[in-house]
Colleague: 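This is the structure, below, for whatever I ask next.
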Amino acid sequence: MSPEDHARAARDLLEAERRGTQTGLLSRRYPGMTMDDAYAVQSALIAAKLAEGRRVIGWKIGLTSKAMQDALKIDTPDSGVLFDDMAFDDGVTIPAGRFIQPRIEAEIAFVMKAPLGGADVTRAAVLAATGSVAPALEILDTRILRADPATGQTRVITDTISDNAANAGIVLGDARHDPEAVDLRWVGAVVSRNDEVEETGLGAGVLNDPVEGIVWLARRMEQYGQRIEAGQVILSGSFIRPVECPSGSRIHADFGGFGSVDLRFA
C-alpha cells in the first residue's frame with residue numbers, strides 16, 4: 001500500500017463512523033496488506049481525529065486470548081487508541097444510534113502514574129509505572145464489515161488494526177486497587193446481559209497475566225516511536241468473548257471484590 005492508500009482507507013473509516021454505516025473489507029481491497037500497512041492506516045486515522053480536536057486518553061490491547069488469536073490465525077495481540085470522547089461513566093445509558101454494532105468485553109484497566117516505554121520494558125517496570133488498576137468494560141464497534149456479503153470473506157487482523165482495533169468506548173468502575181496488592185491472574189468477572197449470565201473469565205486469559213499485556217504494548221509502541229504517558233488508561237485485554245449489545249441491552253459486570261461496572265444501551 002502507498003501512503004495515499006493509507007490516507008484513503010483512514011478517510012473511509014472516518015466516514016463510516018460519521019454515517020453509522022460500514023465500509024468494505026480493507027483486506028479485500030488491498031490483498032497484499034501487511035500489519036505495518038494496517039498500523040499506518042490507524043496512524044492516519046489517529047492524526048485525523050487529533051486534527052478534529054480529539055485528545056488521546058490511553059490505549060487498548062486486543063486479541064490477547066488464545067481463542068481469539070486462533071480464530072484470526074495470528075500469534076500476536078493488536079492495539080488501538082482511546083480518545084476522550086470514548087470515555088463513559090459507570091452506569092451510563094448509551095444513546096440509540098451512537099454505535100453501529102456494539103459489543104462489550106470485560107477487562108482490567110491500568111491507570112498510569114508515570115510514563116512507560118522502550119524495547120526492554122519489564123513486568124516490574126509496568127507495575128512501578130501503574131498508579132492503580134480498575135474493573136472496566138470496553139465497548140467494541142466495527143466500522144468495517146465483519147464479512148464480505150459477496151464472497152463470505154471475514155475480517156482479518158489487518159482490518160481490525162486499521163479500524164483502531166475495533167475500539168469505540170471505555171467504562172471504568174469506581175473501584176481502584178494497588179496493582180501489587182492483587183493477583184491480577186485471579187481477578188475475574190461474571191458478565192450478564194439483561195440479568196442473564198453471558199460470559200465469565202479470569203485475568204489469566206490475557207497472556208497468562210494482564211501485566212504482560214502492558215509489557216507487550218510498551219514494546220510494540222517503541223517500534224513506532226510511541227510511549228505510554230502518565231495519566232493514560234490502558235485496557236489490558238479481554239478475558240471473555242465479546243457480548244453482543246443490541247438496543248435495550250443492560251450490562252452488569254460483577255468482578256467480585258475487585259468491583260463492578262454497569263451500562264445500558266438505549
Side-chain angles (χ1 to χ4, degrees), residues 39 55-69 75-84 86-87 90 104-139 165 167 169-191 200-240 253-261:
Y39 278 115
R55 180 173 56 86
V56 174
I57 62 167
W59 299 79
K60 69 147 289 184
I61 307 165
L63 303 175
T64 51
S65 72
K66 284 294 184 183
M68 291 300 291
Q69 290 184 6
D75 59 2
T76 184
D78 68 357
S79 65
V81 175
L82 303 175
F83 291 100
D84 54 342
M86 295 179 176
D90 189 15
I104 61 92
E105 293 179 334
E107 312 203 11
I108 296 169
F110 287 64
V111 182
M112 310 308 293
K113 66 180 180 182
L116 182 70
D120 58 351
V121 165
T122 63
R123 185 178 189 279
V126 170
L127 291 173
T130 302
S132 62
V133 287
L137 289 172
E138 179 183 3
I139 303 172
N167 180 251
I170 174 176
V171 186
L172 291 183
D174 292 334
R176 297 290 184 274
H177 304 272
D178 179 345
E180 302 206 58
V182 182
D183 186 346
L184 297 176
R185 296 179 69 251
W186 287 97
V187 171
V190 178
V191 181
T200 63
L202 287 174
V206 177
L207 302 175
N208 193 40
D209 181 356
V211 179
E212 292 299 327
I214 313 302
V215 171
W216 174 86
L217 176 64
R219 292 176 177 177
R220 187 209 68 76
M221 290 174 68
E222 172 70 13
Q223 300 173 28
Y224 296 93
Q226 303 165 325
R227 72 171 186 172
I228 296 167
E229 300 293 347
Q232 290 186 339
V233 177
I234 314 299
L235 288 173
S236 59
S238 178
F239 47 79
I240 66 166
D254 180 0
F255 287 75
F258 197 71
S260 65
V261 193

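Only heavy atoms go into these numbers, but all of them, side chains included; no hydrogens, no water, no symmetry mates.
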Colleague: Any side-chain heavy atom of Asp90 sitting closer than 4.5 Å to one from Leu172?
Modeller: no
Colleague: CH2/Trp59 to CG/Leu217 distance, rounded to the nearest 0.5 angstrom?
Modeller: 7.0 Å
Colleague: If I compare all heavy atoms of Ser236 with all of Ile108, which pair ends up nearest, and what's the gap?
Modeller: OG-O, 2.7 Å
Colleague: Does a side-chain N-to-carboxylate-O contact under 4.0 Å join Glu222 and Arg220?
Modeller: no
Colleague: Report yes if some heavy atom in the side chain of Val191 is under 4.5 Å from a heavy atom in the side chain of Ile104; otherwise report no.
Modeller: yes
Colleague: Any chance you could measure Ile57, atom CD1, to Ile170, atom CD1, to the nearest 0.5 Å?
Modeller: 6.0 Å
Colleague: State whether the number of non-hydrogen atoms from other residues, nucleotides or ligands found under 6.0 Å of Asp174 atom CG is greater than 12.
Modeller: no
Colleague: Working to the nearest 0.5 Å, report the span between CZ of Phe239 and CG of Leu184.
Modeller: 10.0 Å
Colleague: Can you measure from CG (Leu235) to CG (Asn167) and round to the nearest 0.5 angstrom?
Modeller: 7.0 Å
Colleague: Does a side-chain heavy-atom distance below 4.5 Å link Met112 with Thr130?
Modeller: yes
Colleague: Mind checking the CZ-CG spacing from Arg185 to Leu202? Nearest 0.5 Å is all I need.
Modeller: 9.0 Å
Colleague: Answer yes or no: is there a donor N or O on one side and an acceptor on the other, between the side chain of Gln232 and the main chain of Glu229, under 3.5 Å?
Modeller: yes
Colleague: Check whether any side-chain heavy atom of Val126 sits under 4.5 Å from a side-chain heavy atom of Arg123, and report yes or no.
Modeller: no
Colleague: Mind checking whether Ile214 and Ile228 have side chains closer than 4.5 Å, heavy atoms only?
Modeller: yes
Colleague: From Asp78 CG over to Trp216 CH2, what is the distance, rounded to the nearest 0.5 angstrom?
Modeller: 6.0 Å
Colleague: Can you find a heavy atom in the side chain of His177 that is under 4.5 Å from one in the side chain of Phe258?
Modeller: yes
Colleague: Step by step, would you call Arg219 with Asp120 a salt bridge (Lys or Arg N to Asp or Glu O under 4.0 Å)?
Modeller: CA-CA 7 Å; Arg219 292 176 177 177; Asp120 58 351; over 6 Å; no
Colleague: Mind checking whether Val233 and Phe110 have side chains closer than 4.5 Å, heavy atoms only?
Modeller: no
Colleague: Between Leu82 and Val56, is there a side-chain heavy-atom distance shorter than 4.5 Å?
Modeller: no
